[in-house]
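Sequence lines set the chain letters: A, B, ... in the order given, protein chains first and strands last, and positions in each chain run from 1. If you're wondering where the values come from, they're calculated on a predicted model, not measured in any experiment.
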There are 2 protein chains.
Amino acid sequence: MASPHSSSAPPPPADLEALQKRIAALAPDLPKRLRQCAEWVLAHPDRVAVSTVAQLAAGAEAPPSAFVRFCQALGYAGFSDFQTVYREGYLWPDYGVRLEKLRARGDRSAPGLLAAFVEAGRDSLETLAKTLDPADLEAAAALLARARMIHVMGLRRAGPVAGYLAYVFEKMEIPAMNHDLAGRLERRAALRPGDAALAISFAPYSEETVAFAEAAAARGLPVVALTDTLASPLHPHIRRALLVKEADVGAFRPLTATLSLASALAVAVGMKREEALSE
Amino acid sequence: MASPHSSSAPPPPADLEALQKRIAALAPDLPKRLRQCAEWVLAHPDRVAVSTVAQLAAGAEAPPSAFVRFCQALGYAGFSDFQTVYREGYLWPDYGVRLEKLRARGDRSAPGLLAAFVEAGRDSLETLAKTLDPADLEAAAALLARARMIHVMGLRRAGPVAGYLAYVFEKMEIPAMNHDLAGRLERRAALRPGDAALAISFAPYSEETVAFAEAAAARGLPVVALTDTLASPLHPHIRRALLVKEADVGAFRPLTATLSLASALAVAVGMKREEALSE
DNA sequence: TTATTTTTGGAAAATTTATTCCAAAATTTG
DNA sequence: CAAATTTTGGAATAAATTTTCCAAAAATAA
């Protein structure tokens, strides 16, 4: 039966998955310092296995004693017991060997495909870093940062890129509009003086995006293009071109490098706007 | 020639890869016990970060003092120094901090940001290859390949991923439907027996996607999830989870690894369907 | 074989790390 | 507003881990 005192204290989780759930469940009810520990631990699970209490506590901006109390609140005797769960949960299958295996299984299996995509992605990123002209990027960011509103367009394969940019711009509270043709609406009237346009298109270039760039240019807006070749039909209409070349896996071309460039562009625009505001 | 003693040993490697090479190179010339240590360490690199000398020495069937001598033979002051290299080698680089540094240096330039995103992307891909369970990927692909129709849902940050998948599925003529909530329509009636669902969601998880997974599960459809933690609220409803962790740059997390995984999944589904047809 | 050098393992010392404790501060309750 | 309770942070203590040291064993050279 239960021991004379303490009917409570459910046994502490023994595997990482359960432990993380428990932490997440418990966090809201914890006092401030302990909650900081909980949140930091959830955000940096990789560090727990290889750090000392002092280091983790410092990360969570709490004293080590608070961290130990946090472990005890979860039902463990102390930090060491708690850490053990993370250590066992993080015994990684070893790593170079793993990629080798993925590759060895050949292109037909799903994991083999993943290996191919991972490798293609890394190549694309390397190429991007090597070939992109920093001056172009800088100039494109400056140009968009000055705009009252940024009009983004990208269809088909470029669609997700446009969607991602719209999302990031909104997150940063930068006025932006994604011309995604939902409901077949072209919304050209939204293109106003003082705005800027960002057209994303890859071969085979979709007519609508080219027409969009042309319309924006005709209204005097500066147009930045994110595209794959200098021969792109967007060319006559644009102020700056950012070129990305993606490595392909068979007939498929993931958007790895393109999205990294898009991210950098968006954040750069955000920073430039902040600077401008604080001046 | 060199001075009688201390021809000054070369500095010990500071990164994991170099260290492992050095160990392999040194091992054959080491005396028996130290060689045992070297070999055990090469065979179990994951343990080094989370064990004590005593544990590692026991694994290598040598006394702790031998293990310490082994570390010193590599040029480190002792075990602790040696272990640090392993610990840092398995940690996620913290791009938030790195971005801070870029800022502090006054390098708010767009190219500086791009460098950070490229590096974060490469790390994300590496981690993906390292941590994804091939069996999960294989099973998820098989599961979706059997479906009459694949229902995809992903909102906010996951939106572009859902969009990309829908695009690729269409390209491959795989029946798929993106539940993007355009026009606030939920279209639950489309979920029919024989179909499968693919839910994409990252912290903070959007309610709608969780509800979608729940609805699909309630109708008996197998649900595959593409998500970031085991603590995801999608968990109760799904058949298979594919976990991706993206490195973040400051508050921003590009979708590099996620899209590579999505690509591999989509192409694998396509291949499996072709195989099935030709039988 | 003997002398010399290298390697070995256990035990003691030094250091680092975890845990407890308690007075002060903050919060909640009456 | 005062009393009771909870939370906090640092200092003291306890525990663990690492490192050094040295005599004995093994290997090598003469």
Determine, for A:E126 against A:K130, whether the closest basic-nitrogen to carboxylate-oxygen distance falls under 4.0 angstrom.
yes
Quick one: do A:E138 and A:K272 make a salt bridge, cutoff under 4.0 Å?
yes
Of all heavy-atom pairs linking B:E246 and B:S124, the shortest is OE1-OG, 3.3 Å
Shortest non-hydrogen contact from B:L16 toward B:V85:
N-CG1, 3.8 Å
Atom pairs under 3.5 Å, N or O on each side, protein against nucleotides 27-30 of chain C: can you list them with distances?
none

Solution key, residues 28-37 of chain B side-chain donor-acceptor pairs under 3.5 Å, sequence neighbours excluded:
residue	atom	partner	partner atom	Å
B:R33	NE	B:Q36	OE1	3.1
B:R33	NH2	B:Q36	OE1	3.4
B:R35	NE	B:L30	O	3.3
B:Q36	NE2	B:A60	O	2.8
B:Q36	NE2	B:E61	O	3.0

Side-chain donor-acceptor pair present, B:T209, B:S206, cut-off under 3.5 Å:
yes
Near A:Q55 CD, under 6.0 Å, is it more than 12 heavy atoms from other residues, nucleotides or ligands?
yes
What residues form a salt bridge (charged side-chain N to carboxylate O under 4.0 Å, His left out) with B:R240, not counting sequence neighbours?
B:D136
Of all of residues 31-40 of chain A, which get a heavy atom below 4.0 angstrom from DNA chain D, listed by number?
A:P31, A:K32, A:R33
Give one of base, sugar-phosphate or nothing for B:V68, where a contact means two heavy atoms less than 4.0 Å apart.
base
Integer-rounded Å distance: C:dC21 P and A:Q72 CD
10 Å
Can you list every pair that meets ring pair (Phe, Tyr, Trp, His ring centres under 6.0 Å) and has a residue in residues 20-48 of chain B, with sequence neighbours left out?
B:W40-B:H44
Among the candidates C:dT17, D:dT18, C:dT19, find the nucleotide nearest to the side-chain atoms of B:S80.
D:dT18
Polar atom pairs between nucleotides 10-14 of chain C and protein, under 3.5 Å, N or O only, would you list them?
residue	atom	partner	partner atom	Å
C:dG10	O6	B:S65	OG	3.2

